[in-house]
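Okay, structure first, notes after.
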Amino acid sequence: MTAPRAATRRASCRRPPRAAVRFDVVGFGVGTVDTVCVLPGPVLGDAKLRLLDCQVHPGGQVPTALVALQRWGLRTAYVGSLGADAGGQMQRRDLQDAGVDVSAARLRTGVASQTSVILVDAVTGARSVLWQRPEGLALRADELDRSVLSAGRALLLDADDADTALQAAAWARAAGALVMLDVDVPGPQTAALLAHSDVVIVGDGFPQRHTGRADLAAALRAMAAAGPRLVAATLGAGGALAWADGALRYVPACRVPVVDTTSAGDCFHAGCLYGLLQGWPAARALHFAAAAAALACTRLGGRPSVPTLPEVAALLASQPVDA
């Protein structure tokens with residue numbers, strides 16, 4: 001699949017009017033069942049530790065972002081595959097209860113759900129994720145419903161099934177949707193996905209590895225040259241650095257008590273996308289995203305920690321930003 005021309009990229013930033021689409025955001029990505037374990041401290045060597053807490057929640061980067069966007073008043077739909085076991089049924093039910101349309105989600109008979117064990121350090125709130133995904137959960141491009149992927153003002157996608165994600169992005173862009181990419185590790189299709197994306201938000205280290213440039217600012221500019229109009233790297237407690245609309249922008253982190261960082265990145269993506277769909281400038285959308293991500297760190301678990309709009313607004317009001 002060839003990269004779109006620059007003129008096509010510019011045109012794709014114009015979202016179709018609200019009345020012309022069924023959804024504000026369509027999400028394509030992996031769902032999981034999270035077992036969140038709170039440890040009294042780091043595990044060192046051959047040890048036995050009593051958990052301070054253990055909870056099971058539905059999770060996944062894209063699904064959690066969709067739940068946030070739905071709670072904030074947008075119309076959302078989920079496209080992905082789930083195991084037809086109890087975990088998959090729980091994920092589907094949670095999305096439905098949140099108001100997310102799941103008519104295009106597929107349940108894989110005889111395939112187990114993806115699972116994650118998240119180890120949270122009770123002292124720092126930092127977390128480590130151990131995960132497994134059965135091969136049978138992979139979604140093929142010929143299983144996609146183009147009518148759904150083309151039915152949103154925006155498409156939010158991960159890159160776990162990279163070839164399929166690329167097809168989804170191409171269809172969404174052809175329909176005039178904004179495409180936001182959430183990707184963890186550079187891969188063979190990264191360059192093509194960048195060329196089909198308007199907004200890319202990644203963790204620190206990704207831009208450097210993908211571009212081969214040690215300087216983060218230079219790496220972000222190089223990624224933006226491939227097509228996206230906004231490329232941001234989240235830096236945890238250090239905030240975020242972005243190349244947006246031809247300028248470098250730094251977004252400080254909001255200071256909050258940290259309990260668990262599990263869904264911070266998901267809420268950052270959701271917050272930025274929410275702001276862009278409101279027509280806000282990139283700087284304002286990024287500051288909103290930073291506040292949403294900070295609040296997500298104040299509660300345990302991914303899905304339960306999604307903040308409300310009034311909570312985000314209150315945090316932003318406590319540290320006003322010119323944007």
Side-chain angles (χ1 to χ4, degrees), residues 25 27-40 43 49-72 74 76-102 105-108 111-122 124-134 137 156 158 160 182 184 203 234 236 256-271 292-309 311-312:
V25 181
F28 169 76
V30 170
T32 184
V33 177
D34 292 341
T35 300
V36 184
C37 304
V38 183
L39 306 176
V43 178
L49 294 176
R50 182 176 182 176
L51 299 178
L52 301 180
D53 199 353
C54 184
Q55 300 180 12
V56 178
H57 303 288
Q61 294 168 193
V62 169
T64 298
L66 290 177
V67 168
L69 291 162
Q70 186 74 34
R71 289 180 183 173
W72 298 342
L74 300 190
T76 64
Y78 173 65
V79 179
S81 63
L82 304 170
D85 58 0
Q89 297 288 354
M90 178 181 70
Q91 293 178 70
R92 184 183 180 91
R93 184 170 59 253
D94 187 81
L95 290 169
Q96 285 180 310
D97 290 347
V100 179
D101 186 293
V102 294
R106 291 178 174 269
L107 287 176
R108 298 289 206 214
V111 180
S113 296
Q114 175 167 328
T115 57
S116 301
V117 177
I118 301 175
L119 307 179
V120 180
D121 186 331
T124 65
R127 59 92 173 98
S128 299
V129 181
L130 313 175
W131 62 275
Q132 67 84 31
R133 187 189 190 206
L137 286 177
L156 171 63
D158 65 26
D160 285 73
D182 179 358
D184 292 327
T234 55
V256 296
V258 176
V259 173
D260 174 16
T261 61
T262 295
S263 65
D266 309 338
C267 287
F268 194 99
H269 283 81
L295 288 168
C297 296
T298 63
R299 292 186 281 264
L300 184 65
R303 206 66 59 81
S305 66
V306 171
T308 65
L309 278 180
E311 288 175 325
V312 180

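We count residues from 1, following the sequence as given.
Residues meeting the side chain to side chain donor-acceptor pair (under 3.5 Å) test with Gln96, sequence neighbours left out: none. Listed by chain and number, the residues in a salt bridge (Lys or Arg N to Asp or Glu O under 4.0 Å) with Arg133 are Asp161 (sequence neighbours excluded). Not counting sequence neighbours, Thr261 has no partner by the side chain to side chain donor-acceptor pair (under 3.5 Å) test. Under the side chain to side chain donor-acceptor pair (under 3.5 Å) criterion, Asp160 pairs with no residue at all, not counting sequence neighbours. By the salt bridge (Lys or Arg N to Asp or Glu O under 4.0 Å) test, Arg108 pairs with Glu143, sequence neighbours left out. Considering only residues two or more places apart in sequence or on other chains, Ala292 meets the side-chain contact (heavy atoms from CB on, under 4.5 Å) condition with Trp72, Cys267, Pro307, Val312. Applying the side-chain contact (heavy atoms from CB on, under 4.5 Å) criterion to Val62, with sequence neighbours excluded, gives Leu66, Leu156, Asp158. By the salt bridge (Lys or Arg N to Asp or Glu O under 4.0 Å) test, Arg299 is found to be paired with Glu311, residues two or more places apart in sequence or in another chain being considered. Looking at residues two or more places apart in sequence or on another chain, you find a side-chain contact (heavy atoms from CB on, under 4.5 Å) between Ala126 and Thr124.
Asp266 approaches Ala65 most closely through the heavy-atom pair O-CB, 3.7 Å. Across every non-hydrogen atom of Val258 and Gly125, the tightest pair is CG1-CA, 3.9 Å. Contact between Pro63 and Gly31 at its shortest, heavy atoms only, is CG-CA, 3.9 Å. Residues Ala112 and Pro134 approach most closely at O-CG, 3.4 Å, considering heavy atoms.
Counting heavy atoms from C-beta outward, Thr35 and Cys37 have side chains that approach closer than 4.5 Å. Taking 4.5 Å as the limit, every side-chain heavy atom of Leu51 sits out of range of all side-chain heavy atoms of Val38. Looking at Leu300 and Asp53, their side chains come closer than 4.5 Å, going by heavy atoms from C-beta outward.
Residue pairs satisfying the side-chain hydrogen bond (donor to acceptor under 3.5 Å, both in side chains) criterion with at least one member in residues 80-89, sequence neighbours excluded, are listed as follows: Asp85-Ser113. Listed by first then second residue, pairs satisfying salt bridge (Lys or Arg N to Asp or Glu O under 4.0 Å) with a partner in residues 61-71 number zero, not counting sequence neighbours. Screening residues 57-69 for side-chain hydrogen bond (donor to acceptor under 3.5 Å, both in side chains) gives Gln55-His57, Gln61-Asp182, Thr64-Arg303 as the qualifying pairs, with residues at least two apart or on separate chains.
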Please evaluate residues Asp260 and Arg127 with respect to the criterion side chain to side chain contact (heavy atoms under 4.5 Å, CB included), reporting the C-alpha separation (whole Å), side-chain torsions for both, the decisive distance (0.1 Å), and the verdict.
CA-CA 7 Å; Asp260 174 16; Arg127 59 92 173 98; 4.1 Å; yes
For Val256 and Thr298, what are the C-alpha separation, side-chain angles and deciding distance, and is it a side chain to side chain contact (heavy atoms under 4.5 Å, CB included)?
CA-CA 7 Å; Val256 296; Thr298 63; 3.7 Å; yes
Start with the C-alpha distance between Val36 and Val120, add both sets of side-chain angles, then the distance that settles side chain to side chain contact (heavy atoms under 4.5 Å, CB included), and finish with yes or no.
CA-CA 7 Å; Val36 184; Val120 180; 3.8 Å; yes
Side chain to side chain contact (heavy atoms under 4.5 Å, CB included) for Gln114 and Leu137? Distances and angles first, verdict last.
CA-CA 8 Å; Gln114 175 167 328; Leu137 286 177; 4.0 Å; yes
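A distance-only check finds no donor-acceptor pair linking the side chain of Tyr78 to the backbone of Val67 [under 3.5 Å]. Side-chain atoms of Gln70 come within 3.5 Å of backbone atoms of Thr76 as a donor-acceptor pair (strictly under, hydrogens ignored). Listed for the Thr262 side chain is no donor-acceptor partner under 3.5 Å among the backbone atoms of Gly302.
Leu82 contributes atom CG, which lies 6.0 Å from atom CG of Leu107 (distance to the nearest 0.5 angstrom).
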